[in-house]
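All remarks here apply to the structure that follows.
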Amino acid sequence: MSLGKIIDTKNNDLFKRIDKQKVPEHVAIIMDGNGRWATKKGLPRTYGHKRGVDVLKKILKASKKLGCKVLTVYAFSTENWTRPTKEVDFLINLFNEVLKNEIKEIHEESTKIKFIGDLTPFPETLKKIISSSESLTKDNNAFLLNVCVNYGGRQEIVKVAKELALKCSSGEIKLSEVNEELFNSELLTRGIKDPELLIRTSGEKRISNFLLWQLAYSEIYISEVLWPDFNEFEFLKAIIDYQSRDRRFGGIKSLPNESFEDSQYSS
Ligand code: IPE
Ligand code: IPE
Ligand code: MG
């Protein structure tokens with residue numbers, strides 16, 4: 001059997017184990033480990049970023065196949081500007097190239113693409129291609145791909161706080177009207193359901209300023225695999241793990257045939 005066939009068989013076996021009724025609608029991913037992947041191979045870190053794009057394309061396909069509706073990926077954080085200029089410039093150029101090459105297929109597959117973050121510091125060429133990609137795909141409704149660039153969760157929350165404060169001081173809204181729903185409606189992810197699942201690759205166990213508000217009750221799955229080695233098989237493993245979780249949202253697990261009164265602790 002060819003290697004491709006073996007991989008397909010392995011993926012199909014996992015795919016069959018997935019409960020199609022319990023597929024997360026929205027998956028968020030911190031695509032981490034590109035640099036370490038390249039360094040391990042004796043290559044410049046930029047090779048890892050390049051390879052990472054191919055992985056994103058595969059995971060986008062896999063999540064569509066599974067029936068997910070939204071994928072939100074962390075591509076560049078507000079803190080990533082502290083990296084060497086050469087690496088930052090490479091990433092900006094890579095976003096440009098990838099969008100240019102992929103937008104046709106993204107549109108043909110009826111995927112809507114959205115960029116989440118403060119685009120102000122990016123070069124005009126990138127801003128232009130982002131804006132034209134967003135407007136080209138704005139009416140697509142098969143799938144939503146959110147790409148977080150120059151994104152920071154704290155910055156997003158401060159921005160919303162400022163907007164609401166401004167509306168209060170101008171009299172547009174009353175202070176008593178400020179609640180979670182209103183706050184939500186001002187976020188960059190407004191109108192999008194919170195992610196049920198957050199995947200972080202490369203074994204790091206932190207959020208790194210990603211979607212701080214939106215991840216309040218998301219299930220977290222840490223994969224030890226570096227992003228350039230991540231694949232459909234690893235993605236399906238994350239989904240299966242997610243499906244085994246008991247999402248309590250602060251409540252208690254409901255046990256069949258047991259009521260509070262029946263428990264041994266009741267007097
Ligand atoms: C994630 O991989 C991609 C970006 C942050 C742009 P890294 O570049 O953080 O790779 P590591 O974590 O250094 O291996
Ligand atoms: C988070 O990864 C940002 C992206 C994946 C774009 P980092 O590599 O920047 O996070 P830290 O520095 O390990 O927390
Ligand atoms: Mg990293």
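Whatever order the structure lists ligands and atoms in, that order sets their numbers, starting from 1.
- Proximity to M31 (heavy-atom distance under 4.0 Å) selects the following atoms of ligand 1: 1 (C), 2 (O), 3 (C).
- Geometrically, K127 does not engage F122 in a cation-pi contact defined by less than 6.0 Å to the ring centre and at most 45° from the axis.
- Using a 4.0 Å cut-off between heavy atoms, K40 makes no contact with ligand 1 at all.
- Of all N/O/S atoms in D32, OD1 sits nearest the Mg ion (ligand 3).
- Y242 and E196 share no side-chain donor-acceptor pair at under 3.5 Å.
- For ligand 1 and G35, the ligand atoms under 4.0 Å from any heavy atom of the residue are 7 (P), 8 (O), 10 (O), 11 (P), 14 (O).
- For ligand 1, the atoms lying closer than 4.0 Å to a non-hydrogen atom of A75 are 6 (C).
- Proximity of S202 to ligand 1 is not established, as no heavy-atom distance is less than 4.0 Å.
- In terms of N/O distances under 3.5 Å, ligand 1 is not approached by W37.
- Below 30°, between 30° and 60°, or above 60°: for F76 and F95 the angle between ring planes is above 60°, a perpendicular geometry.
- Within the coordination shell of the Mg ion (ligand 3), defined by N, O or S atoms under 2.8 Å, E204 is absent.
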Worked check of side-chain contact (heavy atoms from CB on, under 4.5 Å) between S133 and I113
CA-CA 7 Å; S133 305; I113 191 165; 4.0 Å; yes
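- Once rounded to the nearest 0.5 Å, the distance linking CD of Q155 with CG of N150 reads 8.0 Å.
- Counting protein heavy atoms under 4.0 angstrom from atom 12 (O) of ligand 2 gives zero.
- The distance criterion of under 3.5 Å between nitrogen or oxygen atoms is not met by Y74 with respect to ligand 2.
- Residue-to-ligand polar distances place R45 within reach of ligand 1: an N/O pair is separated by less than 3.5 Å.
- The shell of residues lying under 4.0 angstrom from ligand 1, judged by heavy atoms, excludes E204.
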